[in-house]
Amino acid sequence: MEITTHFFFNLSLLIIVLFFSLVVARKLNYTTVPKFGALCCVMFMLFICMQLSYKPHPEFHYDLRIIPIAIAGLYIGIGPIVALLAIILRGFYGLDEGFLLHTVLFTVFGLITWFHYSSFWKLPASKRINYSILSTIIFSLISLLVIELTITVENRFDLWFAYLIIPALGVGMIAYTIEFVLHNADIQKKVILTEKMEAVEQMGAAISHEIRNPLTAAMGFVHLMKEPAISPKKRMEYLSIVKEELESAERVIQNYLTFSKPSLGYIEEIPVKTELLKVINILKPSANQNSVEITTNFAILGSIEGDRQKFHQCFLNVIKNSIESMPRGGHINIYTHYTKTHIIIEIEDTGVGMSQEQIQRLGEPYYSTKGSKGTGLGMMVVFSIVKAMKGMIKVESEINLGTTFTFTFPTYNHSSKNERF
Ligand code: ADP
Ligand code: MG
């Protein structure tokens, strides 16, 4: 059992090397392992095999070099190179009869794998595994016959078992792992593609629904305004409806653009109080219409760093949601305070609130509970803007009691310069 035990130990080390190579490849996010990396891994495996070779006879080294050669030859197409390296490494142990035999065997095997490389990749995955195992068994059989013809073997059963079973087992396990990883990478690619297609489909549907509707409405009113008999008062009324409809279409486009390009534009200092007041002013008419009272409690100081326009868009979306959550009126309290490193902005409403499940789904594209009135894009954009501005969002809500959004942003650093992303 000596050779078998030895080979099993050697095989375990090869599997450990394979495991760590896979971990590294995954960390570096390689979908197809570059040949150089694979060559390094194979080299290391060869080195381990040589270090752990078993020497029952002064001229013969029994080892598992065939495993890296078979894998590198069939899967990467560098069989002759690895065979040459294996021969060179073997040369360091002496240029004896064993060296000569191995040179012939490895050269032939390396060249065979090289010739079969392209046809090997045309096979389906399961056949590739079988092919690898079968070619290793054939090679092991030839090696065994050569050994039998050249030296007197003592532990025959042990030698045949170790040489026939363990290399084939090792090659089979490694080939299976490679196929498994390739299959996973393939599935991942397909999932990404499907997601992209879905996004395009949803985008198309959203554009046709959310932008066409206001545009059609605006067009209708423009037609009405063409009537010469129309009174100036009616004309003004129609004009303001057209303006509103166009603004709503513009907002949808703006939200899409922000989401598809979340990086910030011009980075500048944003004085939180001043900018929030501007946002509140924009929303005042709509708050009044809904009988919503907005109160503020701002810290005097406090600036953050970011894109002013996106900051407006973010808080417009949040406060607009708060107003919309109180169809029968209510109260919004906007509160800011600061620590040495962060600015905290709290927006508290007394609206319908959200369940835990609703909170979880916030920011999901097209998630809206407002039926045809909602787009489900507002919060998605809020999350992407806050992320781009290195901020954090906390949501606390209770059904029928209200919701509090807490935003935390890093304080503006006066030493940082303006830069364009
Ligand atoms: P939309 O406003 O078009 O529905 P949003 O992405 O802005 O889309 O919001 C998604 C959903 O999150 C809303 O439909 C609503 O159910 C919920 N929501 C967001 N803010 C609040 C809030 N302050 N109070 C209650 N529900 C909210
Ligand atoms: Mg909204």
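Both ligands and their constituent atoms are indexed starting at 1 by order of listing.
- In this structure, a donor-acceptor pair under 3.5 Å is absent between the side chains of His342 and Thr411.
- Protein heavy atom at the shortest distance from atom 4 (O) of ligand 1 is Ser368 OG, 2.6 Å.
- Salt-bridge annotation for Glu324 and Lys320: present, with a side-chain N of the basic residue lying under 4.0 Å from a carboxylate O of the acidic one.
- Atom CZ of Phe157 has 12 or fewer heavy atoms from other residues, nucleotides or ligands within 6.0 Å.
- Taking the six-membered ring for Trp and thresholds of 30 and 60 degrees, Phe139 and Phe106 have nearly parallel ring planes, at less than 30 degrees apart.
- Contact atoms of ligand 1 toward Gly378: 5 (P), 6 (O), 7 (O) (distance under 4.0 Å to a heavy atom of the residue).
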Working note: Lys243 + Glu247, criterion salt bridge (Lys or Arg N to Asp or Glu O under 4.0 Å); need CA distance, chi angles, decisive distance, verdict. CA-CA 6 Å; Lys243 185 170 166 268; Glu247 269 172 1; 3.3 Å; yes
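- Less than 2.8 Å away from the Mg ion (ligand 2), the protein contributes these N/O/S atoms: Asn321 OD1.
- Leu362 CD2, 3.2 Å is the protein heavy atom nearest to atom 12 (O) of ligand 1.
- The aromatic rings of Phe44 and Phe47 lie parallel to each other, their planes meeting at an angle below 30°, with 60° marking the opposite boundary.
- Residues Ser303 and Val272 are not in side-chain contact: their nearest non-hydrogen atoms beyond the backbone lie 4.5 Å or more apart.
- Remark: distances from the non-hydrogen atoms of Gly351 to ligand 1 are all 4.0 Å or more.
- Looking from atom 10 (C) of ligand 1 to the surrounding protein, the closest heavy atom is Tyr367 O, 3.2 Å.
- With Glu324, Lys320, Met326, Met354 as candidates, the residue nearest to atom 18 (N) of ligand 1 on a non-hydrogen basis is Met354.
- Note: Phe7 and Tyr163 have tilted aromatic rings, judged against thresholds of 30 and 60 degrees for the angle between ring planes.
- For atom 19 (C) of ligand 1, the nearest non-hydrogen atom of the protein is Asn321 ND2, 3.5 Å.
- Atom 3 (O) of ligand 1 has Thr375 N, 2.6 Å as its closest protein atom, hydrogens excluded (heavy atom only).
- Partner Arg308 forms a side chain to side chain contact (heavy atoms under 4.5 Å, CB included) with one of Glu269, Lys278, Gln313 and no other, that one being Lys278.
- With atom 2 (O) of ligand 1 as the reference point, the heavy atom nearest to it among Met379, Met380, Lys370, Glu348 is part of Lys370.
- The nearest non-hydrogen atom to atom 15 (C) of ligand 1, considering only Thr369, Thr403, Ile399, Val382, comes from Thr369.
- More than 12 non-hydrogen atoms from other residues, nucleotides or ligands lie less than 6.0 angstrom from CD of Glu364.
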Check against side-chain hydrogen bond (donor to acceptor under 3.5 Å, both in side chains), Tyr75 and Glu179: CA-CA 10 Å; Tyr75 275 93; Glu179 294 298 345; 2.7 Å; yes
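- Using a 3.5 Å distance cut-off with no hydrogens or angles, the side chains of Asn321 and Lys370 do pair a donor with an acceptor.
- Nearest to atom 23 (N) of ligand 1 among the protein's heavy atoms is Asp349 OD2, 2.9 Å.
- Between Phe161 and Phe8, the angle of the ring planes lies from 30° to 60°, which puts this pair in the tilted group.
- Every atom of ligand 1 is numbered from 1 in the order shown, and the set under 4.0 Å from a heavy atom of Gly374 is 3 (O), 4 (O).
- The side chain of Ser325, and not its backbone, has at least one atom closer than 4.0 Å to an atom of ligand 1 (non-hydrogen atoms only; side chain from C-beta on).
- Remark: ligand 1 atoms within the under-4.0 Å shell around heavy atoms of Gly376 are 1 (P), 3 (O), 6 (O), 8 (O).
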